[in-house]
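Not measured: the values here are computed from a predicted model. Chain A is the first sequence line, chain B the second, and so forth, proteins listed ahead of strands; every chain is numbered from 1.
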2 protein chains.
Amino acid sequence: MAVTLKDLARELGISITTVSRGLAGYDDVAEETQLRIKDTAERLGYQPNLTARRLQKQQTGILGFIMPTFGPRFSDPFFSEFIAGIGNEAANHDFDLLVSTHPPDSDGERKTYQRAVTRAWVDGLIVVRTREEDARIQLLCQHNFPFVAFGRTDDEYDFPFVDEDSEAGMRALVQHFIDLGHRHIAFISPPSGLMFGRYRLKGFQDTMADNGLPVPSGWIVEGDMTQRGGAELTEQILALTPRPTAILAGNDLMALGVMNRLQQHGFTVGEDIAVGGFDDIPLVEHTHPPLTTIHQPIYEIGRRTCDMLIDIINGRSPTNPHVLLTPTLVVRASSGQPIA
Amino acid sequence: MAVTLKDLARELGISITTVSRGLAGYDDVAEETQLRIKDTAERLGYQPNLTARRLQKQQTGILGFIMPTFGPRFSDPFFSEFIAGIGNEAANHDFDLLVSTHPPDSDGERKTYQRAVTRAWVDGLIVVRTREEDARIQLLCQHNFPFVAFGRTDDEYDFPFVDEDSEAGMRALVQHFIDLGHRHIAFISPPSGLMFGRYRLKGFQDTMADNGLPVPSGWIVEGDMTQRGGAELTEQILALTPRPTAILAGNDLMALGVMNRLQQHGFTVGEDIAVGGFDDIPLVEHTHPPLTTIHQPIYEIGRRTCDMLIDIINGRSPTNPHVLLTPTLVVRASSGQPIA
DNA sequence: ATTGACATCCAAAACGTTTTGGTTTATACT
DNA sequence: AGTATAAACCAAAACGTTTTGGATGTCAAT
C-alpha cells in the first residue's frame with residue numbers, strides 16, 4: 001500500500017540506511033545521491049510512517065489534553081477557545097493534540113492519567129481546572145511526567161504552570177462595583193474544590209472586608225458554572241433581604257443565567273440590579289446589556305501553556321515556569337451607573 | 001524505565017512469545033503459566049507499549065477530527081459539544097481522538113488531510129461542515145480512506161454520512177412564523193459554500209414561496225455564523241421597508257446577535273420583532289427571551305458519526321450509511337404571540 | 001515400536017524507522 | 001610503496017509488540 005523506505009531502496013538500488021540518511025540530509029551521503037533519493041521519494045510519494053518513527057525515537061509527538069466535563073450535553077466556550085490555542089501552537093511545533101473527555105475525579109479520568117504515565121501514550125499533558133489536593137498533579141509529579149497546568153494548586157509540589165491571577169481579577173471587579181456605590185453584593189462562587197474558584201472567592205471576600213462591608217451568610221452561594229445554575233440560584237438571591245443591588249458570578253456563563261432570570265422577573269439589568277461576570281468569553285460582548293467582566297486571554301493562555309510544555313518535552317527548561325497573568329477589568333453596561 | 005515483555009520473560013524464565021500470548025489469553029499457553037504471567041505482569045506494573053503495538057497491528061487506534069476554525073479567537077459551542085460526543089464514543093471503543101484546528105480551505109487544512117491519507121496518522125477521520133464541491137471529501141474518497149461526514153455534499157461521490165435535515169428544519173421554523181401571521185420575514189443565511197447553509201436557505205426560500213410570500217432582494221443577507229456578524233447585519237435589516245416583523249438567522253449564534261442589537265435599539269424581542277434561530281445550543285434556552293429555534297442533537301450526532309466510523313474501520317459496513325435526522329422545532333418566547 | 005493427537009512452548013520474522021559501528025574505495029601525504 | 005584521511009556507503013541492531021510456523025514432550029492407540 002504505502003511507500004516505505006524499503007521500496008525506495010529497491011527502486012534506487014541502494015541500502016535502506018542510505019535512503020534514510022539521505023532523506024534526513026546527513027553529510028555522509030553524497031550530494032548527488034541525496035538528490036536522487038529525494039527525487040524518487042517525491043516521485044513515489046513517500047511519506048515516513050509515523051508510528052515506526054515514534055517507536056524508534058521513543059517519542060509520540062503527541063500532546064494530551066483531558067477535558068474535565070460534566071454530563072453529556074456539555075458546552076463550554078472556554079474549551080473550544082482553549083483547544084484552538086493549544087492546538088495551533090502544538091501544530092506550529094509539529095505536535096499533535098490528543099483530546100479526551102472525562103468527568104472530574106471519575107474513574108475514567110484516573111485511568112486515563114494512569115495510562116499517560118505508564119504507557120508511551122503521549123509525550124506530555126496539559127492539565128486544566130486545577131483542584132485542591134489535585135490527584136492528577138500528584139500522580140504526574142510522582143512519575144516525573146512532563147506536564148504544564150493552567151492553574152495552581154495548594155499542595156507542596158513544585159510544577160510548571162500558567163495561571164491568571166483570579167484573586168486580583170476578582171478584587172478589581174468587586175472594587176468596581178463598590179466604587180459605583182453598591183453595598184449589598186451577592187456572589188455566586190464556582191464550585192468548591194476548584195482552585196480558581198477559591199481565588200475568586202477569596203478576592204470577593206477580601207475586597208468586601210477591606211471596604212468594611214459585611215457579607216452575611218446566604219450572600220455567597222455555590223454555583224456549578226452553568227447558565228442554568230446561575231439562573232436557578234438567582235431565585236435564592238432575590239429572596240435575600242435587603243435585596244442585593246449587585247450580583248457577581250464566578251464565571252460568565254453563570255452571569256448570563258443571572259441576567260436572563262432577572263430579566264424574566266422584569267428587572268432591567270444595569271439599572272435595577274447590576275451584574276458582573278468573569279472570563280470575558282466572546283459571547284458576552286454582545287449580550288443585552290453587554291456584560292461587565294474580567295478579561296482572560298484564553299487563547300493566549302492555551303498558546304503559552306502549550307509552548308511551555310513543548311519546551312519541557314524537548315529538554316529545555318522554560319525561562320519562567322510560573323507564569324501569572326494579570327487579568328483586566330472590562331466595564332460594560334451590565335454594571336450600570338453609579339448609584340445612591 | 002517502563003516494563004516490557006522482555007523484562008517479564010526474563011523474570012519468568014520463559015520466552016517473549018509465551019508471555020505475549022499468555023497475556024492475550026491464547027489457549028496454547030498452559031493455564032497455570034497464564035496465571036504466573038498475569039501475576040508478575042501485575043506485580044511489575046507491565047503496560048503494553050502502544051506505539052509498538054500499533055506498528056505491529058498496522059492500526060493507530062486513533063480517530064482524527066480537523067476543526068474548521070475561523071480566526072484565532074474562536075469559540076463555537078457547537079464544537080465543544082460535538083467533541084464530547086465523538087470523544088466519549090471513541091473512548092467506549094478504545095479509540096483516541098486527535099484534534100487539529102485549521103481555517104477552512106487553508107493550506108494547513110489541505111496538508112493535514114494529505115497527511116492523514118498518505119501516512120499512517122489516524123485510522124479514520126470525521127469531517128464536519130461539508131462544503132460544496134468539498135475537496136476534503138474528494139481526497140478521502142479517492143484514497144479510499146475511512147471517514148464519516150457530518151453533512152452531505154453536492155458532488156457525485158457516495159460516502160457515509162450523518163446529517164440533520166436542515167431543509168426540513170428550516171421549513172418548520174419558517175412555517176411557524178408564517179402561521180403566527182408574519183409576512184415580512186428577513187433571513188440571515190449561513191455563509192455560501194457550506195452545504196447546511198444551502199439547505200437552510202432553500203428551506204427558507206421554498207417555504208416562503210409555498211406560502212405565496214415574495215422575498216425581495218435585500219431580505220436575505222449572508223452572515224458569518226458569529227454573534228457579532230448577526231448584530232451587524234441587523235442594522236441592514238432594520239433599514240428595510242417595510243420593516244420586517246420577524247428575523248430568522250441561519251444559526252443560534254447569529255440569532256443571539258440579532259436579539260441583542262434589537263434590544264439595544266429599544267425593541268422588545270418577541271413583541272416588536274420576532275426572532276428565530278437554528279441549532280438549539282444549550283445557551284439559548286436561558287437567554288432573554290428564550291430563543292425559538294430548531295433543535296439539533298449535536299452530542300448524539302457526534303456519537304453516531306463516531307460509531308459509524310468505528311464500524312467502517314473495523315470492516316463492518318454500517319447498517320445504514322446515510323443517516324438523516326429530522327430536527328425538531330422548539331418554540332420559545334422569542335417568536336412571540338400571533339400578530340395582526 | 002510406531003503413529004497420531006494433543007498440550008505446551010519458542011525462535012524468528014514482521015511492522016518501518018533510525019542509529020551504531022563499521023567497511024570499502026579513492027585520494028593525499030610521507 | 002605504505003599509510004593516513006576522508007568520502008560514501010551499508011549490515012545489523014534496536015525500538016516493543018504480535019504472528020507464523022514450527023519444535024518438543026507426553027500419552028494413548030495401534
Side-chain angles (χ1 to χ4, degrees), chain A residues 1-38 40-41 44-62 94 96 115 117-123 314, chain B residues 1-38 40-41 44-62 94 96 115 117-123 314:
Chain A
M1 191 70 244
V3 186
T4 70
L5 281 184
K6 203 198 281 186
D7 298 328
L8 290 188
R10 185 159 6 86
E11 175 84 7
L12 285 157
I14 58 182
S15 79
I16 292 182
T17 307
T18 307
V19 177
S20 173
R21 299 188 68 89
L23 284 173
Y26 283 83
D27 62 0
D28 63 354
V29 176
E31 202 146 346
E32 193 232 319
T33 318
Q34 287 205 19
L35 287 179
R36 277 178 54 225
I37 292 174
K38 285 174 183 166
T40 33
L44 302 190
Y46 168 77
Q47 295 292 126
N49 178 301
L50 292 169
T51 310
R53 177 179 284 175
R54 279 169 190 163
L55 177 59
Q56 154 68 29
K57 293 221 156 170
Q58 294 291 79
Q59 280 221 1
T60 63
I62 302 180
D94 284 316
D96 286 322
R115 180 150 85 129
V117 298
T118 63
R119 319 169 71 159
W121 184 48
V122 294
D123 290 339
N314 288 335
Chain B
M1 192 74 245
V3 186
T4 70
L5 282 184
K6 204 199 278 184
D7 299 327
L8 290 190
R10 187 163 1 87
E11 175 83 9
L12 285 157
I14 58 181
S15 77
I16 292 181
T17 307
T18 306
V19 177
S20 171
R21 301 189 66 93
L23 285 172
Y26 283 82
D27 63 359
D28 62 355
V29 176
E31 202 146 346
E32 193 234 320
T33 317
Q34 287 204 20
L35 287 180
R36 277 178 54 225
I37 293 174
K38 285 172 184 167
T40 33
L44 302 189
Y46 168 76
Q47 295 290 125
N49 178 299
L50 291 170
T51 310
R53 177 178 283 176
R54 280 169 189 163
L55 178 60
Q56 155 67 29
K57 292 220 156 172
Q58 294 290 80
Q59 280 222 358
T60 62
I62 302 180
D94 284 317
D96 286 322
R115 180 150 86 129
V117 298
T118 63
R119 318 170 71 159
W121 185 48
V122 294
D123 290 340
N314 289 335

Give a yes or no answer on whether the side chain of [X] reaches the backbone of [Y] with a donor-acceptor pair at less than 3.5 Å.
X	Y	answer
A:Q34	A:Y26	yes
B:R21	B:V29	no
B:T60	B:D123	yes

With heavy-atom distances below 4.5 Å as the criterion, would you say the side chains of [X] and [Y] are in contact?
X	Y	result
B:L8	B:L44	yes
A:Y46	A:V19	no
B:I62	A:I62	yes
A:T4	A:N49	no
B:T18	B:L12	no

Measure the distance from [atom1] on [X] to [atom2] on [N] and round it to the nearest whole Å.
X	N	atom1	atom2	result
A:D7	C:dC15	CG	P	10 Å
A:I37	D:dC10	CD1	C1'	12 Å
B:K57	C:dG16	NZ	P	16 Å
B:Q59	C:dA14	CD	P	21 Å
A:L55	C:dT18	CG	P	12 Å
A:L8	C:dT17	CG	P	8 Å
B:Q56	D:dT18	CD	C1'	4 Å
B:K6	D:dT18	NZ	P	15 Å

Discussion item. Taking 4.0 Å as the cut-off, does a side-chain nitrogen or oxygen of A:R53 come that near to OP1 or OP2 on C:dG16?
Written reply: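 Looking at the OP1 and OP2 atoms of C:dG16, neither is under 4.0 Å from any side-chain N or O of A:R53.
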Discussion item. With nearest nucleotide decided by heavy atoms, which residue, B:R36 or A:L5, maps closer to the 5′ end of DNA chain C?
Written reply: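 With B:R36 and A:L5 compared, the 5'-side residue is B:R36.
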Practice prompt. Could you identify which residues of residues 12-28 of chain B place a heavy atom less than 4.0 Å from some atom of DNA chain C, listed by residue number, or say none?
Written response: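 Listed by number, they are B:I14, B:S15, B:T17, B:T18, B:D28.
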Worksheet item: Which angle, to the nearest 10 degrees, lies between the helix axes at the two ends of the helix from C:dA1-D:dT30 to C:dT30-D:dA1, each defined by five pairs?
Response: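 That helix has its two terminal axes inclined by roughly 80°.
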Discussion item. Heavy atoms only, 4.0 Å cut-off, all strands: where does B:T51 land among base, sugar-phosphate and nothing?
Written reply: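 Since no nucleic acid heavy atom lies under 4.0 Å of B:T51, the category is nothing.
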Worksheet item: Is B:R119 salt-bridged to A:D96, cutoff N-O under 4.0 Å?
Response: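 Not counted as a salt bridge, because no side-chain N and carboxylate O are separated by less than 4.0 Å.
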